[in-house]
Amino acid sequence: MDTGAALALGDDALVLSHRLAEWAGHAPVLEEEVALANIALDLLGQARILLSMAGDEDELAYLREERAFRNLQLVEQPNGDFAHTIARQLLFSTYQRFLYEALAGDPVFGPLAVKAVKEVAYHQDHAEQWTLRLGDGTEESQGRMQRGLDALWRFTGEMFRPVEGLALNWQKLEERWLASVTAVIERATLRVPGGPRTGAWAAGAGREGLHTESFGRMLAEMQHLHRSHPGASW
Amino acid sequence: MATVTDAGQAAVDAAQAAHTAAFDAAVAADERIEPRDWMPDAYRATLVRQIAQHAHSEIIGMQPEANWITRAPSLRRKAILMAKVQDEAGHGLYLYSAAETLGTSREELLDKLHAGRQKYSSIFNYPTLTWADVGAIGWLVDGAAITNQVPLCRCSYGPYARAMVRICKEESFHQRQGYELLLTLSRGTEAQHAMAQDAVDRWWWPSLMMFGPPDDESSHSAQSMAWKIKRHSNDELRQRFVDICVPQAEALGLTLPDPDLKWNEERGQHDFGAIDWTEFWDVLKGNGPCNEQRISQRRKAHDEGAWVREAAAAHAAKKTARNEQEATA
């Protein structure tokens with residue numbers, strides 16, 4: 001099997017799980033400690049299955065260099081404030097939900113997609129509820145939520161660049177995603193960001209192994225202990 | 001203010017005496033006291049203090065372990081550690097809820113924690129310096145916590161006892177995971193074995209201090225035992241813990257850092273060395289390696305989350321107002 005698609009989906013889940021786990025002990029309310037950890041755990045579970053389809057999960061997670069990771073640039077973006085994290089989650093979970101729905105009948109990814117879509121539907125709902133609360137909350141929360149969406153919008157075009165090995169109607173996926181995200185943003189009394197959905201940096205860059213600067217630091221932290229003890233088991 | 005007549009006062013006293021007698025009888029008969037039951041003010045205050053301290057320990061205890069989530073050396077270990085830290089947040093939730101049944105809100109308790117007016121377990125004022133510390137916390141710190149907490153499942157206050165049943169099940173899972181982590185390190189490379197031994201060397205004595213001061217210096221013990229909030233003395237529980245750990249350390253292939261630790265045939269228990277109570281009181285007073293760091297991270301998370309909580313409240317209020325408007329329209 002061509003491992004590119006498993007790596008792309010697996011790296012998305014692995015990297016976003018890591019970012020969400022950085023919230024542990026820092027969440028704004030105890031219920032969110034539980035919720036963010038739960039989403040992070042679901043994503044890590046998906047990542048482990050997907051990476052194992054492509055090889056050894058730990059070798060792939062801990063021994064690849066930055067340029068070999070195939071995740072979207074969106075998921076590696078630092079957490080920022082809670083609104084920024086929620087914006088990232090809304091944009092990604094909506095994508096992941098429709099993607100997995102579309103993959104339900106896929107001979108390779110179908111079994112995973114059918115199971116994971118249930119988890120992801122919860123992630124999307126969680127992000128949607130918070131987008132509504134923050135958007136239609138106080139003036140401050142509205143401003144923060146809008147800034148989160150504005151800042152991340154340019155990373156969303158990449159999601160719909162075809163991934164080799166995934167037989168999907170990418171254009172339809174994008175239409176569904178845009179309609180869903182737009183509806184939530186408008187219900188939350190926010191504006192759909194006006195900027196382009198691809199930055200000046202090559203579109204589709206993450207999938208091709210081109211990442212943003214903070215990603216290298218994230219990997220340095222994630223990989224250092226494993227790499228410090230070559231060949232050890234844990 | 002209304003003045004109470006002598007006859008009125010006598011009636012109040014009689015009612016009070018009847019309540020006290022009923023409460024004492026229920027405790028003596030090992031019945032559970034429930035939130036709506038009458039209870040002495042001091043019993044309520046003691047429970048609030050103890051449950052709050054326990055809840056605070058759960059949420060502060062997330063910090064030293066979360067310190068290693070982003071560096072966990074395998075994806076399997078990372079998942080286990082994330083789930084553990086999540087469980088601790090969940091335990092915090094049940095315990096704050098148990099305190100709410102006594103009429104004290106989570107908000108109020110968190111304010112007291114942040115102001116330094118309520119404590120959390122001093123063990124979390126020690127740093128997690130290596131990955132093996134995650135294992136040592138699971139094995140020793142969770143092990144000590146379980147030894148302390150299993151008797152609390154029979155605590156006289158119903159909501160606390162029931163919360164503890166669930167917490168103890170999860171804690172015992174955490175303890176086995178910690179033990180298994182240490183075992184893997186101990187049987188691993190030389191560097192991994194040394195890492196495990198170093199962690200046990202650093203966590204052993206602070207874990208023994210988790211049972212609190214010796215019985216003759218423990219200020220709340222006697223009353224709590226009489227109320228069946230507490231079932232065994234600090235020293236009894238500490239001894240039980242030492243006796244459990246010695247064979248486990250042997251199985252791990254690690255040593256416990258106490259030259260005086262040896263089996264006492266006559267007592268049928270282990271003798272162990274003197275605990276440095278100066279260190280215990282010092283850490284308790286706020287001079288431990290991480291006291292300042294733990295509480296400032298907690299305050300920072302709380303303060304930085306204030307706008308989120310305000311937004312959620314504002315949104316809920318708007319929604320209620322809209323629903324009412326629709327209902328009256």
Side-chain angles (χ1 to χ4, degrees), chain A residues 14 17-38 40-41 44-45 47-48 51-52 57-58 60-62 81-83 86 129-130 132-142 144-145 188 218 221-229 231-234, chain B residues 55 58-79 81-83 85-90 92-93 96 106 110 130-131 181 184-185 187-189 191-192 195 294 297-298 300-302 304-319:
Chain A
L14 177 74
S17 165
H18 187 96
R19 284 298 190 203
L20 288 170
E22 291 173 354
W23 273 101
H26 299 274
V29 58
L30 203 44
E31 284 79 357
E32 285 309 298
E33 291 285 358
V34 177
L36 294 172
N38 199 48
L41 272 168
L44 184 54
R48 294 182 64 191
L51 294 182
S52 298
E57 60 174 32
D58 285 337
L60 288 168
Y62 292 100
D81 64 10
F82 186 69
I86 291 297
Q129 295 308 319
W130 271 110
L132 296 175
R133 281 187 204 111
L134 298 181
D136 190 19
T138 62
E139 203 176 312
E140 178 177 11
S141 69
Q142 185 175 50
R144 286 178 185 261
M145 192 65 222
M218 192 205 102
E221 183 173 337
M222 184 173 105
Q223 296 181 336
H224 107 270
L225 177 59
H226 184 98
R227 284 176 180 257
S228 301
H229 297 263
S233 10
W234 300 95
Chain B
E58 295 285 355
I59 63 167
I60 295 280
M62 294 169 70
Q63 291 182 29
E65 296 183 280
N67 183 38
W68 281 94
I69 290 178
T70 53
R71 292 177 287 172
S74 75
L75 297 185
R76 173 173 164 265
R77 292 288 177 200
K78 188 173 185 169
L81 184 56
M82 277 164 58
V85 174
Q86 185 193 29
D87 282 347
E88 281 153 11
L93 281 175
Y96 287 117
R106 193 204 303 180
L110 285 176
T130 74
W131 170 250
L181 191 163
T184 306
L185 293 179
R187 292 179 178 173
T189 65
Q192 286 176 307
M195 194 192 279
R294 299 288 184 243
Q297 182 182 323
R298 184 83 266 299
K300 185 166 178 275
H302 191 76
E304 286 179 357
W307 69 269
V308 177
R309 297 189 299 275
E310 281 160 21
H315 180 75
K318 282 185 193 177
K319 239 171 123 172

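Since we're looking at a predicted model, the values are computed, not measured. Values reported hereafter were calculated over all heavy atoms of this structure, with side chains retained and with hydrogens, waters and symmetry mates removed. Chain identifiers are assigned alphabetically (A, B, ...) following the order of the sequence lines, protein sequences preceding nucleic acid strands; residue numbering begins at 1 within each chain.
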Give the minimum heavy-atom separation between [X] and [Y], together with the two atoms involved.
{"X": "B:Gly90", "Y": "A:Val34", "result": "N-CG2, 4.0 Å"}
{"X": "A:Ala21", "Y": "B:Met82", "result": "CB-SD, 4.1 Å"}
{"X": "B:Gly188", "Y": "B:Gln192", "result": "CA-OE1, 3.4 Å"}
{"X": "A:Trp23", "Y": "A:Pro28", "result": "CZ3-CD, 4.3 Å"}

Most contacts with chain B, counted as non-hydrogen pairs under 4.5 angstrom, among [options]:
{"options": "A:His229, A:His226, A:Arg133", "result": "A:Arg133"}
{"options": "A:His26, A:Glu22, A:Arg227, A:Glu139", "result": "A:His26"}
{"options": "A:Gln223, A:Glu140, A:Arg144, A:Glu33", "result": "A:Arg144"}
{"options": "A:Leu30, A:Leu14, A:Leu44, A:Leu225", "result": "A:Leu30"}
{"options": "A:Ala83, A:Gly45, A:Ser17", "result": "A:Ala83"}

Exercise. Is there a donor-acceptor pair under 3.5 Å between the side chain of B:Gln86 and the backbone N or O of A:Ala35?
Worked result: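 Looks like no, no N/O pair under 3.5 Å.
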For this session: Verify, without hydrogens or angle tests, whether B:Gln297 (side chain) and A:Gly25 (backbone) share a donor-acceptor contact under 3.5 angstrom.
Result: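 Between the backbone of A:Gly25 and the side chain of B:Gln297 there is a qualifying donor-acceptor contact (under 3.5 Å).
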Check whether any side-chain heavy atom of [X] lies under 4.5 Å from a side-chain heavy atom of [Y], and answer yes or no.
{"X": "B:Arg77", "Y": "B:Thr184", "result": "yes"}
{"X": "B:Thr70", "Y": "A:Met222", "result": "no"}
{"X": "A:Leu36", "Y": "A:Glu31", "result": "no"}
{"X": "B:Val85", "Y": "B:Trp68", "result": "no"}
{"X": "B:Pro64", "Y": "B:Arg294", "result": "yes"}

[X], part contacting chain A, at a heavy-atom distance under 4.5 Å:
{"X": "B:Val308", "value": "both"}
{"X": "B:Arg187", "value": "neither"}
{"X": "B:Lys300", "value": "neither"}
{"X": "B:Leu75", "value": "both"}
{"X": "B:Thr189", "value": "side chain"}
{"X": "B:Ile59", "value": "side chain"}
{"X": "B:Arg71", "value": "both"}

Checking [X] against chain B: side chain, backbone, both or neither under 4.5 Å from a heavy atom?
{"X": "A:Leu132", "answer": "both"}
{"X": "A:Phe82", "answer": "both"}
{"X": "A:Ala40", "answer": "both"}
{"X": "A:Ala47", "answer": "neither"}

Problem set entry | Donor on one side chain, acceptor on other, A:His18 and A:Glu221, under 3.5 Å | no
Of the listed residues ([options]), which shares the most heavy-atom pairs with chain A below a 4.5 Å separation?
{"options": "B:Ala311, B:Ala301, B:Ala79", "value": "B:Ala311"}
{"options": "B:His302, B:Arg76, B:Glu310", "value": "B:Arg76"}
{"options": "B:Leu93, B:Leu185, B:Thr130, B:Ile69", "value": "B:Leu93"}
{"options": "B:Ser74, B:Ala72, B:Pro73", "value": "B:Pro73"}
{"options": "B:Arg309, B:Gln63, B:Glu304", "value": "B:Arg309"}

Problem set entry | Neighbour count >12 (heavy atoms, 6.0 Å) for atom NZ, B:Lys318 | yes
